[in-house]
Amino acid sequence: MSKYRTHTCNELRKDDVDKKVFLSGWINKKRDHGNLLFIDLRDNYGVTQCIIDKDNKNFINLEKTQLETVVKIEGKVVARSGDTVNKEIGTGEIEVTIDSYEVLGSCKELPMPVFSDQEYAEEIRLKYRFLDLRRKKIHENIILRSKVISHIRNEMTKLGFLEFQTPILTSSSPEGARDFLVPSRLNPGKFYALPQAPQQFKQLIMVSGFDRYFQIAPCFRDEDARADRSPGEFYQLDLEMSFVDQEDIFNVVEKLMVNTFKTFSHKKLLSEKFPRITYKDAMLKYGSDKPDLRNPLIINDITEIFTREDVSFEIFKKLVKSGSKVRCVITKNTKDKPRSFFDNIDKWAKEQGASGLAYFTFEKDPELSGKGPIGKFFSKEALFEIMNLTNAEVGDSIFLACGKQNELEKITSQARNKIAEDLNLIDEDVFAFCWIVDYPMFEKDEVTNKIEFSHNPFSMPQGDLTEKKLENPLELLAYQYDIVCNGIELSSGAIRNHKPELMYKLFSLAGYDKKQVDEKFSGMINALSYGAPPHGGIAPGIDRIVMLLANEKNIREVTMFPMNQNAQDLMMNAPSEVNPEQLKELNLSLKNKK
RNA sequence: GGGGGUGUAGCUCAGUUGGUUAGAGCGAUCGCCUGUCACGCGAUAGGUCGAGGGUUCGAGUCCCUUCACUCCCGCCA
C-alpha cells in the first residue's frame, strides 16, 4: 500500500462505506460554511468530496489552506443522504469525513485559477502551463493524445510494422521548409539541421531491407505558426513499406484511420471508403487541395458563358477575352434571403482582397430571369445554360468571380467556406475524409518562372517515362497523395522514386545537375544504386489527428508544452541567450543587435 | 514581411458623446454561517487603464508611434 493513498480520488463507491482511507490530491474547491467545511479533493482520476466540522482540531487550519495545495487526507468513507448525492461525479454517492490531514505541497497565491471553465489569455496559460494542464478539458485532451498514440503503436505493430528511431541531428536539405540549424563544435563552420521529417532515413530503412517501418517522429520546421500548425515542432506517424503500390498504402492507412477515429470519437464518418479526388478536380471543384467535404457547395467554371452574344456583363466579358476565367458557387433555394446576406458576402470578398463577388438569383415569374444587381445582363437562354452547367434550379442563387486561375481558386475556395458557414451547411458531427491523388510532379514558380518540384522530389512519376514525356515536365503526374479530413491536411505521402537514373533526370528538370544531386542527397542516391526495393509511404500528422478527435480548433489545446506564435516557450524561456564561452566553443560570433 | 482583433485589479470582464474620486464577479485578507457541490452574507486591500508622444480646460475614451498576445496572408518539398 502506498504511504500516500489507499485509493485515488475517483475510486470510492457506496461499497466502500465505513472504510478507513487515505487520499492524496489537490484542493480543487472549498465550500466553507463556518462550522462545516467541504473540500473537493482532485487527482488525475477524479474528485472526491471530503468534509470536516469545527469539532475536529484540524478544522481551523484546513479552513485556511489555499486552493491547489497538495494534501494527504486520512478519514472514513460515509454514504451521502439521498438529497445530497452528486450525480455529476463518480464518487458522488459517498464522501470522506476527515480525521486528520497533512500538507504535502503548499501553494502560493495562484496567478490563474485552476477551478474555472473560463477562457484565459494564451500568454498566462503558457507561462503557467503546469497549472493550465491541471484543468479538466486540457488535462483530458493530453490523456486522449497519449491513448491515441498507444492505440496507433499497437495497431502498427499488429500490422507487422517495426518501430525505429532516426537521427535528430542530421543534414540540411535544399528542398522544403526553413531548417533549424545546430552548429557543430567539432566541425567549425558546419551545421547540423533538425529533420523536417525522417524522409531520407525511412527510405534508407527500406533499402536496408526492413520491409515495414513506422515511428511517432518529431519533425522540425522553422516556419510561421497557424492555429493548426505549431511553430517549430510537431509529430508525424511516419511510415514506409517495401514492394507496394499506392493501393497497398491506401488499404493500410485507410483502415488505421477508420479504426482510430471510430475508437476515439462518436462522430460519424461520412464514408469509410475515402473518396479519391484528383488534385486537378479538387482545385476546380473546391479551389483547394484540402477541401472540407462536409461542405456541399461546389465550384463550377462558367467562363464559356461570357463569350456569348446574349450576355452583356461587359466587365467580365472583357476580362475573359484577355484570358481570365469565371467560376461560381451556387447556393440552393436562397431566393428569399435578405439583400444583406448577399451584400455581406460581397463585402467580405472585398476584405479578402478580391474585387468582390457578383451575384444574382434565378427566378421565374413567369419568364426565367436573373434577379439581383447583375441579373439583367443575362438573357433567358444564357441563364438556362448556366443552370445546365451548374445544376442550379429556380430559386437558387449564384456568386461569381472573375480572374486568373490561381486568384480564382483562392477566392472561390474561401467563398465556399464563408457561404457554407453563413448558411450553416456544415455538419459538425461528421468526419469527412478523402484522398487527394495525382499531384503534379512539377510546378512553375510564378515569380522566377523556374520549374520546381511541387511536392516531394523523391516521388515516383506516373506512366512510362519516355524522353518525349519529360519534355513537358508540367504535365507529369506523381504517385503522390494526401489525406484530408474536414478541410485539414492530415498527411501526405508518395510512392518513391527508387531508380537513381530517373532521379537524376527529374532533378535536372528542376535545375540540379548530377554533381549537385550527389552532394545534396549523397546518402539517398548512393543507397538507391545498390539494389533498392520499390517502396512508398505516408506520414499522418499526430497533432492534427488528436485535434480533430478532441474537437479542438487549435493545435496548442492538444500539445502539452507548446510555444507561442513567436516560437517562444514562455515557461522555460526558450530561446535564450547563451554565454560567450559557448559561442566561442562553437566558433560563432554574434552581429551587434540593432 | 503584410493585414485584422485584443490589451483596464492576481484572473475574467464592464466602462455611454471626452467630464466629479475608474467599477463588477472570481481570487486574496478579515468577520458571520453545520449539507454545500459555481454554497451564501458582510467588510478590507488590490490600478503606470500595455508603453511613449500628441490634441484638449479636461483623455481609459480621440490622433500618432510603439510593444505584447492572437487570427489570417506570405511561408509550410
Side-chain angles (χ1 to χ4, degrees), chain A residues 28-41 47-56 59 63-64 66-68 78 80-89 91-92 95 97 107-128 131-132 173-179 196-197 199-200 219-232 234 290 348 351-354 410-411 414 417 439 441-443 446-447 452-459 478 480 482 489 492-494 507 510 520-521 539 541 553-554 556 564-566 568 570:
Chain A
N28 193 51
K29 190 73 187 158
K30 288 188 298 188
R31 287 175 296 281
D32 187 352
H33 291 235
N35 294 313
L36 180 71
L37 172 66
F38 296 98
I39 288 184
D40 290 339
L41 196 68
V47 171
T48 301
Q49 175 166 283
C50 304
I51 183 166
I52 187 169
D53 71 21
K54 69 168 178 202
D55 296 338
N56 188 302
F59 180 83
E63 199 183 20
K64 288 192 176 119
Q66 285 266 2
L67 295 183
E68 293 307 309
V78 297
R80 297 206 207 177
S81 65
D83 55 336
T84 61
V85 165
N86 183 350
K87 291 190 176 118
E88 305 290 307
I89 56 174
T91 60
E95 60 197 5
T97 57
C107 181
K108 297 198 286 187
E109 189 177 342
L110 294 165
M112 55 177 275
V114 171
F115 175 77
S116 173
D117 295 330
Q118 256 172 1
E119 303 266 350
Y120 300 132
E122 200 89 28
E123 199 171 359
I124 195 130
R125 292 184 58 195
L126 294 184
K127 183 164 179 195
Y128 295 97
L131 291 179
D132 192 34
S173 73
E175 295 283 328
R178 209 175 285 116
D179 283 317
Q196 295 183 22
Q199 180 62 36
Q200 295 190 56
C219 302
F220 305 90
R221 296 178 192 176
D222 187 4
E223 299 293 345
D224 289 347
R226 289 288 184 278
D228 66 351
R229 199 165 86 203
S230 289
F234 61 97
K290 39 182 183 177
W348 164 87
E351 282 164 10
Q352 305 308 305
K410 194 175 151 202
I411 189 62
Q414 289 176 321
N417 293 335
Y439 275 82
M441 190 78 208
F442 296 101
E443 64 191 7
E446 281 175 31
V447 183
E452 295 183 335
F453 288 104
S454 67
H455 237 72
N456 182 330
F458 305 119
S459 298
Q480 166 86 46
D482 278 12
E489 184 188 320
S492 69
F507 267 100
K520 295 289 184 189
F521 305 100
K553 296 258 183 290
N554 193 301
R556 291 186 297 274
N564 70 9
Q565 199 170 42
N566 290 326
Q568 298 159 340
L570 299 176

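Every chain is numbered from 1, with letters handed out A, B, ... down the list of sequences. Owing to the predicted nature of the structure, the values given are computational and were not obtained by experimental measurement. Side chains are part of it too, since the values below use all heavy atoms of this structure and drop only hydrogens, waters and symmetry mates.
B/G46 atom P lies 14 Å from atom CD of A/Glu109, rounded to whole Å. Taking atom CG of residue A/Asp179 and atom C1' of nucleotide B/C76, one finds them 12 Å apart after rounding to whole Å. Spacing between atom CZ of A/Phe59 and atom C1' of B/C33 amounts to 10 Å, rounded to whole angstrom units. The distance from atom CD of A/Glu122 to atom C1' of B/C11 is 15 Å, rounded to the nearest whole Å. Straight-line distance from the CD1 atom of A/Ile51 to the C1' atom of B/C39: 12 Å, rounded to whole Å. In this structure, A/Arg226 places its CZ atom 11 Å from C1' of B/G2, rounding to the nearest Å. In this structure, A/Leu67 atom CG and B/C39 atom C1' are separated by 14 Å, rounded to whole Å. Between the NZ atom of A/Lys64 and the C1' atom of B/U29 there is a distance of 11 Å, given to the nearest Å.
Taking side-chain N and O atoms only, A/Gln118 has no distance below 4.0 Å to OP1 or OP2 of B/C26. Contact annotation: A/Arg31 side-chain N/O to B/C39 OP1/OP2 distance is under 4.0 Å. For A/Lys29 and B/G27, the shortest distance from a side-chain N or O to OP1 or OP2 is below 4.0 Å. For A/Asn566, a side-chain nitrogen or oxygen approaches OP1 or OP2 of B/C69 to under 4.0 Å.
Heavy atoms of A/Asp222 sit nowhere under 4.0 angstrom from any nucleic acid atom. Contacts of A/Pro457 with the nucleic acid, taken as non-hydrogen atoms under 4.0 Å apart, include base atoms. If you check every strand for non-hydrogen atoms under 4.0 Å, A/Glu95 touches a base. Nucleic acid contact class of A/Arg556 (heavy atoms, under 4.0 Å, all strands): sugar-phosphate only. Among the protein residues, A/Asn28 comes within range of no part of the nucleic acid, since none of its heavy atoms lies under 4.0 Å from any strand. Counting any heavy atom pair closer than 4.0 Å across all strands shown, A/Ile124 reaches sugar-phosphate atoms only and no base atom. Counting any heavy atom pair closer than 4.0 Å across all strands shown, A/Tyr120 reaches sugar-phosphate atoms only and no base atom. Counting non-hydrogen atoms under 4.0 angstrom, A/Phe115 reaches the backbone sugars and phosphates but no base. In this structure, A/Ser454 reaches the sugar-phosphate backbone alone: every heavy-atom distance under 4.0 Å involves primed, P, OP1 or OP2 atoms, never a base. Counting non-hydrogen atoms under 4.0 angstrom, A/Asp117 reaches nothing in the nucleic acid.
Contact record, A/Tyr120 with A/Met112: CD1-CE, 3.4 Å, taken as the closest heavy-atom pair. A/Gln66 and A/Cys107 get closest at one heavy-atom pair: CG-O, 3.6 Å.
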Quiz prompt | A/Gln565 and A/Arg556: CA distance, side-chain angles, deciding distance, side-chain hydrogen bond (donor to acceptor under 3.5 Å, both in side chains) verdict | solution = CA-CA 10 Å; A/Gln565 199 170 42; A/Arg556 291 186 297 274; over 6 Å; no
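Comparing the P positions of B/C64 and B/C72 gives a spacing of 27 Å, expressed to the nearest Å. Nucleotides B/G58 and B/G18 have their P atoms positioned 16 Å apart, rounded to a whole Å. Using P as the reference atom, B/A59 and B/A45 are 27 Å apart when rounded to the nearest Å. Straight-line distance between the C1' atoms of B/A68 and B/A22: roughly 23 Å, to the nearest whole Å. A distance of about 48 Å separates the P atoms of B/G1 and B/A38, rounded to the whole Å.
Between A/Gln196 and A/Asp179, the side chains place a donor N or O and an acceptor N or O closer than 3.5 Å (distance only, hydrogens not considered).
A salt bridge links A/Arg31 and A/Asp40; the closest N-O separation between the charged side-chain nitrogens and carboxylate oxygens is under 4.0 Å. Salt bridge annotation for A/Asp132-A/Arg125: present, with a cationic side-chain nitrogen under 4.0 angstrom from a carboxylate oxygen.
No hydrogens or angles were tested; on distance alone, nothing pairs the side chain of A/Glu119 with the base of B/U12 as donor and acceptor under 3.5 Å. The base of B/G35 is not paired with the side chain of A/Asp83 by any donor and acceptor separated by under 3.5 Å. Counting distance only, with no hydrogens placed and no angle test, the side-chain atoms of A/Arg221 and the base atoms of B/C76 include no donor-acceptor pair under 3.5 Å. Judged by distance alone, with hydrogens and angles left aside, A/Arg80 brings a side-chain donor or acceptor within reach of the base of B/U36, the pair sitting under 3.5 Å. The base of B/G7 is not paired with the side chain of A/Glu123 by any donor and acceptor separated by under 3.5 Å.
Between A/Phe220 and A/Phe234, the ring centre distance reaches or exceeds 6.0 Å.
No more than 12 heavy atoms of other residues, nucleotides or ligands lie within 6.0 Å of NZ in A/Lys290, so this atom counts as exposed by the packing criterion.
Distance from the side chain of A/Ala227 is smallest for B/C71 among the nucleotides B/C76, B/C71, B/C69. When distances are taken from the side chain of A/Gln66 to each of B/U29, B/U12, B/C11, the shortest belongs to B/U29. Proximity note for A/Thr84 (side chain, C-beta onward) versus B/G25, B/G35, B/C76: the nearest is B/G35.
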